[in-house]
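The structure appears right after this line, and notes come after that.
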Amino acid sequence: MSEYDPQLIEAKWQKTWEEQGAFHADLDPARPKYYVLEMLPYPSGTLHMGHMRNYTIGDAVARYKRMRGLNVLHPIGWDSFGLPAENAAIKNAIPPREWTNSNIAQMKAVCKRFGFSYDWRREISTCEPEYYRWNQWFFLRMLERGLAYRKRSKVNWCPQCQTVLANEQVVNGCCWRHETTPVESKEIEQWFLKITAYSDALLDDMAQLKDGWPDRVLTMQQNWIGKSRGARVRFQVAKMEGKSVEVFTTRIDTIYGASAVILAPDHPLLPGLFAGIPGHAAMEMVWNRLRQRILRGAELAAAEKEGFFTGRFAVNPFSGDTLPIWVANFVLAEYGTGAVMCVPGHDQRDFEFAEKYHLPVKIVVQPVDGPQLHPDRMVEAHAIYGRAVNSGPYSKLTSANATEKLIADARSKGFGGAETTYRLKDWGISRQRYWGTPIPVIYCEKCGIVPVPDNQLPVRLPEAVHLTGEGKSPLASVLEFVNTTCPKCSGKARRETDTMDTFMDSSWYFYRYTDTQNSTAPFAPEPARYWFPIDQYIGGIEHAILHLIYSRFFCKVMRDLGMISHNEPVQRLFSQGMVQKDGRAMSKSHGNVVGAIDMAQKYGCDTARVYTLFAAPPAKDLEWSEQGIEGCSRFLNKVYRIIERHAERLRGVAAAAQEQVDLANATPKEKALLRRAHQTLKRVTNDFDVRWHFNTSVALIMELVNELQAQEPLDTDLDPAILKLVVEMLTLMVSPMAPHLGEELWEMLGHRGGLLRVEWPAYREELAKEEQFEVVIQINGRLRGKILVEDGLGEDELGERALTDPRISHLIDGKAVAKMVVVPRKLVNIVLR
RNA sequence: GCCCGGGUGGCGGAAUGGCAUACGCGGGGGACUUAAAAUCCCCUGUCCUUAACGGGACGUGUGGGUUCGACCCCCACCCCGGGCACCA
């Protein structure tokens, strides 16, 4: 008699797996592959149960797929560049690499303590030169193709991080890391990647993802790309020969309703328009205020609409109307043409602006039927589609037809045409910080921007650097780094001192896993062809846009570079819910973390794993409960005890082969056990393959265990071969979720060589089949009784049995039966008049 | 404002249009024990009714609808969570 001792068992099997290299996966064209991956973790140092949920789901899937005979690649690595290391270095005077590597060591120890089935040979760390040189390599390839370019532009600046942020890193006008720090706007020269060159590809290829990705992620990406079809129209500025303003509109069919042209406060044309206008100085005061507010960024969204008349007019090229040119804070310089036509009758924003500044409201679209709009009775704009009115030659056309004709006419007359705009902007990747990949570019006084030649990669990040956290790029003060010679002319030159956004590191890392040792390329074509695309990617919803859109972009660039031939890197994506404690996301800053190591020490990692799988379906948030994990601990103990009790007797017994089980001679007890085991198997398999609901898998296995308990004693009247078959099925079904216990039980049952090459149990329908069914009898849809019937009963006969059941016949009591609904094996509904 | 989720016992949650509340937690009772822990067994939606066995009504956010039958499908609405948002 021995007790379930998770500490002992878990250490034992982890050692065995390690010695066997149990989870090493190698390219094998003869075998079908399965690539399952959890998102690259940032090595912050601690792992709590929130992280572990992610890995537990991935590990259960990896182990299950191995048992289904697939060649499973399940790697892990570290997203080890980034600001926290730099900040820690400034605060505690520890070199970033030291801080980072010691965190990695800690986290790796926790992962090992949990026994995740990673191929540790493939571990990567993005701050290693052998990794980041390929970031540089990708950058250079993009530079060659015009996909990387340098430009001076307005960018998001986080005063806390002291660096530029990408648009994707701005959340509600604040920095993604400092949620209460509004980002500022700064004009800075920096490097961009032309993700916009792939706007349509990113949008269109979502069609390939719609079965494997959550809808909400696809919608979020779609919104982010923000494709919008419309038209561009040029308005001549009156009394200014050759000057014109272009507007972008999605409703060119409302152009006869325009009562002004409005420019963004930072529209480049503005200073020129002012010249020679009376009241110029007063205007400039308002103008400056509006521009200031835009620079402060975050205020814009909340601000009331505000603007001023420039004193200039523009001519509507269709109607010939003369429209005042205004400036207003709600027009964005970065979107469309930075100018709009103001149509108060049919656009709510324009309506609000027109109300405030008394601009005329015109109705130029009327509904096809229903009440007609009237400009004097409007309390809001009506952005409707219907029939054009008061629109010159376009009147009476439907909105769609008017749009088409107006665009065609604008084009033929040379003042406009169709135009599609996107919300997506190019990806600014320059960071004025230290702990990241150096951008491999040299500035030469004579030759200008010179790329570092491939054979000089990697451009190493100097590591003996004094970090102060102040001023600009720390690398700028490292003279040995900055000062260099031009690769072209050998003259004096200086290096780029900004580093790359770390999202670059994580945009392609999953390809590196397929070929981690390659020193001549990021990865070779064959392993990528074999392993890709990723069959199952698992991670948090917070990367729905950031990481997942950058990765898709990189994939398309790699495809165009001829490195791969697929269009999308990730076939199926799963976003797991958060782990919460006391109603808030588990995090260091909330002070509510449940440490992974603590749980492993207290209950064992198998218990912690089973609890995270059982407490909620994986897509939902999970509220951590100490009592809940206690329950799972009891459950694993119970499994262990039941098998332990019979292990000795069963050790020498061969389990009955599924196809040889002789049902005809089986006792009721044997039949009950076999039935429950196979019913469980059917549904657990479905949970793993289709539903991804591991909470119900655990519940089902609990029921199987309860059945075993109910059939006690198990040593009398029971064919040992059948009992062994059942407990083996139980062991195998438990093993993806509690792998150490699974191995231990398997060994206790007399097997050598571990579970690694053991197949998932075979399902046999006849063994799952019930012999008798409890059929529900309803009268008018209300439950009135139940009868036990044997299988194979015809509908008529089943109906007859229901009607003649004493309880039922009593209730019918001579009333006319209008209809009978008979569902074999399930129910009879008797409809009375 | 628009777009996604979601609303079921005391709690986490389960249910192809067919017994609502599986499984677990918590609670109550019992067995084992000198005792405790552990373990095992039974009960546990609300209300009404019965001495009791039992029987009945109500019940999945609200109101309608479809259906023999609705947590599930349709329409309208309320609440919660998330995303997007002066994007022209």
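Each chain gets a letter, A, B and so on, in the order its sequence line appears, and its residues count up from 1.
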Ignoring hydrogens and geometry beyond distance, is the side chain of [X] in donor-acceptor contact with the base of [N] at under 3.5 Å?
X	N	result
K786(A)	C19(B)	yes
E774(A)	C19(B)	yes
Q348(A)	G1(B)	no

Point to revise | Rounded distance in Å - CG (N780(A)) to P (C68(B)) | key: 11 Å
When you measure from the side chain of [X], which nucleotide among [options] comes out closest?
X	options	value
R634(A)	G18(B), U39(B), C87(B)	U39(B)
N706(A)	A14(B), C23(B), C68(B)	C23(B)
M702(A)	C19(B), G83(B), C23(B)	C23(B)
A699(A)	G26(B), C68(B), C23(B)	C23(B)
N695(A)	A88(B), G13(B), C86(B)	G13(B)
R423(A)	C87(B), A22(B), G24(B)	C87(B)
T696(A)	A15(B), C19(B), C86(B)	A15(B)
Q627(A)	A20(B), G26(B), C58(B)	G26(B)

Study note, to complete from the structure: Result for 5'-nearest mapping on RNA chain B, choosing between H693(A) and Y422(A), is H693(A)
Check your understanding: Dot-bracket for RNA chain B, 5' to 3', counting Watson-Crick or G-U wobble pairs under 3.5 Å, with [ ] for crossing pairs and | for inter-strand pairs?
Key -> (((((((..(((.....[....)))((((((.......))))))(((((....)))))..(((((..]....))))))))))))....
Review point. So how far is it from L793(A) CG to E800(A) CD, rounded to the nearest 0.5 Å?
Key: 11.0 Å
**Study point:** Any R641(A) side-chain N or O less than 4.0 Å from OP1/OP2 of C40(B)
**Key:** yes
Point to revise | Plane angle bin for F248(A) and Y335(A) - parallel if under 30°, tilted between 30 and 60°, otherwise perpendicular | key: perpendicular
Review point. Any cation-pi pair here, R423(A) with W224(A), using under 6.0 Å and within 45°?
Key: yes
Exercise for review: Would you sort out whether Y640(A) and S2(A) count as a side-chain hydrogen bond (donor to acceptor under 3.5 Å, both in side chains), showing the intermediate values?
Suggested key: CA-CA 9 Å; Y640(A) 183 90; S2(A) 69; 2.8 Å; yes
Expressed in whole Å, how much space separates the [atom1] atoms belonging to [N] and [M]?
N	M	atom1	value
C78(B)	C71(B)	P	23 Å
A70(B)	G18(B)	P	11 Å
C25(B)	G13(B)	P	16 Å
G7(B)	C72(B)	P	11 Å

Review point. For the side chain of Y611(A) and the backbone of S625(A), is there at least one donor-acceptor N/O pair under 3.5 Å apart?
Key: yes
Point to revise | Shortest non-hydrogen separation from K210(A) to L218(A) and the atoms involved | key: CA-CD1, 3.7 Å
Contact class for [X] vs. all strands (heavy atom < 4.0 Å): base, sugar-phosphate, or nothing?
X	value
V331(A)	base
R825(A)	nothing
R784(A)	sugar-phosphate
G226(A)	nothing
P617(A)	sugar-phosphate
Q709(A)	sugar-phosphate
S228(A)	sugar-phosphate

Check your understanding: Do M733(A) and M729(A) come within less than 4.5 Å of each other through their side chains, counting heavy atoms only?
Key -> yes
**Study point:** Side-chain touch V340(A)/V261(A), heavy atoms, less than 4.5 angstrom
**Key:** no
Practice item. For K602(A) and E626(A), run side-chain contact (heavy atoms from CB on, under 4.5 Å): C-alpha distance rounded to whole Å, both residues' side-chain angles, the deciding distance at 0.1 Å, then the answer. Key: CA-CA 11 Å; K602(A) 190 162 176 195; E626(A) 201 66 24; 3.2 Å; yes
Which pairs, protein N/O on one side and nucleotides 3-12 of chain B N/O on the other, fall under 3.5 Å?
from   : atom 1 : to      : atom 2 : distance (Å)
G12(B) : O2'    : A615(A) : O      : 2.6

Check your understanding: Considering the options R825(A), Q772(A), E770(A), which one meets the side-chain contact (heavy atoms from CB on, under 4.5 Å) requirement together with D791(A)?
Key -> R825(A)
